[in-house]
Amino acid sequence: MEFALDLSANKYADVPYEEKERLFNEMKSDERWPHVLYGCYECGICVASCPSARFYDFSPRIIAQAAAREDVDLLYTLMNDSVWDCSQCFSCDRCPRGNSPGQIITVMREVAVRNGLQSAKEALEGYGRIIYKIMSTGTQVSPDMLQPNAFPDWGGHVNEISEHLEVWRKALPPETLHTTETGWKVDEKTLIELYLIWHMTGVMDMIEQIDEGLYMILVDVMEERLEDAGYDVTFD
Amino acid sequence: MTTQTVAIIGGGPAGIEAAKGVAELGFKAILIEKRDRLGGTPDEQKYAALTPDLRDTQTALRELIAPIENHPNVEIMYNTLITDAEGALGDFTLKGVQLGKEVEIKAGAVIIATGFQHFDPGRETQKYGYYEFDDVITLTDAEKMLSEGKFVRPSNGEVPKRVCFIQCVGSRDRRLGNEYCSKVCCGISSKQSIEIKKLIPDCKVFIFYIDMRMYGYWENEIYWKAQEEYKVNYIKGIATEIVRKGDKLLVKGEDTTFRRPMEVEMDVVILAVGMEPSEGTKEMARIFGLKQNKYGFIETIGGPLDTVSTNVPGVFAAGACTGPADLEDSVSAGGLAAVKAMAALRKLEAVTA
């Protein structure tokens with residue numbers, strides 16, 4: 001097998017050790033860390049159960065082992081080059097030591113995003129539209145996203161549906177599904193709560209690190225709605 | 001009475017426990033020790049703390065020895081070396097030398113508990129440079145330092161920043177002829193790594209291994225503890241050689257987990273040397289005509305169901321003279337040997353009565 005993942009110790013020799021250590025300390029100080037990382041036997045049960053490992057040079061075992069060893073250089077490499085191959089399905093939550101490689105990866109990804117690592121930007125690049133949709137409307141996929149040219153594999157039938165989208169949607173019995181721009185009708189109060197959650201939990205800060213354009217658009221949408229609802233929230 | 005006397009050769013944990021068993025069950029025990037004190041290898045090699053419970057070795061040994069020291073049924077012969085033996089079950093005569101004086105000991109049964117010696121890391125190969133580099137030491141050298149409450153680089157007395165263990169030195173090696181696992185070294189290395197981290201919290205400690213063999217409670221009590229609480233780095237891969245780099249040691253190996261060759265600098269390298277039969281064990285096998293296995297350990301004849309009987313009726317063997325053994329094994333076998341020896345003599349008495 002050809003290895004795509006370069007684990008050599010000097011892969012990111014240009015990044016100062018202190019910077020890698022700072023990022024590692026951010027992972028380690030996450031309150032989940034001691035509950036998702038114990039020690040690693042190298043047994044490979046996580047890799048055996050991992051769907052991504054079937055298709056990519058990706059190994060939750062290597063991630064758990066690097067974390068257990070507190071290998072600062074290698075964790076930096078993995079945070080850049082590997083954690084994005086995980087599908088976050090948590091099939092690996094069967095470790096006899098109680099590790100959760102998937103959740104170790106969750107923490108590592110969050111650190112990568114919070115610190116605006118290039119790899120995080122690249123990994124999330126294709127998701128801008130979905131992030132915008134879910135964060136601004138609270139629903140992920142809306143009927144009007146189903147453009148015929150976007151889904152050629154769906155066949156001619158999709159043309160017919162997209163031409164009369166509103167009619168098709170109105171044919172659905174629940175009134176809350178009579179929407180085209182959102183997956184379902186989202187209550188105003190729900191939206192306000194969502195925006196407050198994105199703001200208060202630091203999600204907006206993460207978005208700012210990753211995609212400033214997207215951040216600015218979201219801020220516009222959110223500030224206006226929050227102000228109308230009587231909340232005095234300022235995004236910095 | 002000869003048929004109610006058991007001679008025990010070797011005053012280590014197995015021999016002490018055997019003597020205690022014999023005495024407390026009502027026969028006479030003659031405990032023969034070549035040194036001037038009891039305790040065996042843990043005492044002689046100045047072990048710091050015992051594996052797996054990290055108890056202070058001297059405290060634990062005193063506890064083990066105390067019941068036999070003034071026991072009316074126990075006679076301890078210090079400074080005594082057995083040189084010859086004759087007789088059979090019920091009537092053995094052991095000849096020996098005690099401080100230059102010839103002695104003769106009569107016993108109905110004999111328990112051999114002459115133990116092991118540590119593998120000499122310079123015996124076959126110098127790849128790890130044990131006799132070349134001051135900072136390449138063995139588990140026993142490390143124990144000695146730890147028992148004095150310190151851990152430093154022998155070359156300059158400085159506190160080390162990076163220490164590694166190399167496992168299976170002298171064990172599990174067809175080339176050396178020692179194909180067996182020495183059973184205790186994984187536990188002892190892990191135990192020492194904890195002790196080193198306790199003394200020097202910011203020291204990086206690595207254990208290079210083939211398999212970690214931490215059976216039973218050693219698993220969670222030492223292995224997990226070292227890895228999880230003390231962040232000891234367990235790296236699957238055995239070093240191929242050690243070379244000097246400035247005043248450091250460069251350890252070359254493979255980090256198999258991360259599928260890459262590895263060259264790491266260390267301040268101290270500890271070789272996890274395994275067990276071989278002691279000279280005394282080989283000598284007793286010869287004197288009593290006991291079968292030895294290909295490695296020189298005394299062969300017991302009952303497989304897993306009888307770990308102390310030998311090919312010679314009335315002669316039993318206990319502890320590390322029969323193969324790699326930890327303290328639990330040795331003490332258990334010592335007690336069993338006492339029971340088997342007395343049972344053999346009781347049966348003999350019943351037949352002759």
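Lettering follows sequence order; numbering is per chain, from 1.
Per-residue heavy-atom pair counts under 4.5 Å with chain A were compared for B:Met262, B:Met212, B:Glu219, and the maximum is reached by B:Glu219.
Applying the 6.0 Å contact sphere to NZ of B:Lys161 captures no more than 12 heavy atoms from other residues, nucleotides or ligands. For B:Tyr131, the OH atom is densely surrounded, since the number of other residues' heavy atoms within 6.0 Å is greater than 12. Around the NZ atom of A:Lys11, the shell of radius 6.0 Å holds more than 12 heavy atoms that belong to other residues, nucleotides or ligands. In A:Glu19, the CD atom is crowded: over 12 heavy atoms of neighbouring residues, nucleotides or ligands sit closer than 6.0 Å. Counted within 6.0 Å of OH on B:Tyr215, heavy atoms from surrounding residues, nucleotides or ligands total more than 12; the atom is thus considered enclosed. Atom OH of B:Tyr295 is surrounded by more than 12 heavy atoms from other residues, nucleotides or ligands within 6.0 Å.
Residues meeting the side chain to side chain contact (heavy atoms under 4.5 Å, CB included) test with A:Gln118, sequence neighbours left out: A:Lys121, A:Glu122.
At a heavy-atom cut-off of under 4.5 Å, chain B is reached by A:Ala68, A:Arg69, A:Glu70, A:Asp71, A:Leu74, A:Pro96, A:Arg97 from residues 67-106 of chain A, listed in order of number. The stretch residues 42-50 of chain A places A:Glu42 near chain B, each with some heavy atom under 4.5 Å from a heavy atom of that chain. Scanning residues 22-39 of chain A against chain B with a 4.5 Å non-hydrogen threshold yields A:Tyr38, A:Gly39, sorted by number.
Contacts between B:Phe206 and chain A at a heavy-atom distance below 4.5 Å are absent for every atom of the residue. Of the atoms belonging to B:Asn220, not a single heavy atom falls under 4.5 Å from chain A.
For the atom pair CE (B:Met214) and OH (A:Tyr41), the distance works out to 10.0 Å, reported to the nearest 0.5 Å.
For the pair B:Thr257/A:Arg61, a side-chain contact is recorded, criterion being any heavy-atom separation below 4.5 Å from C-beta on.
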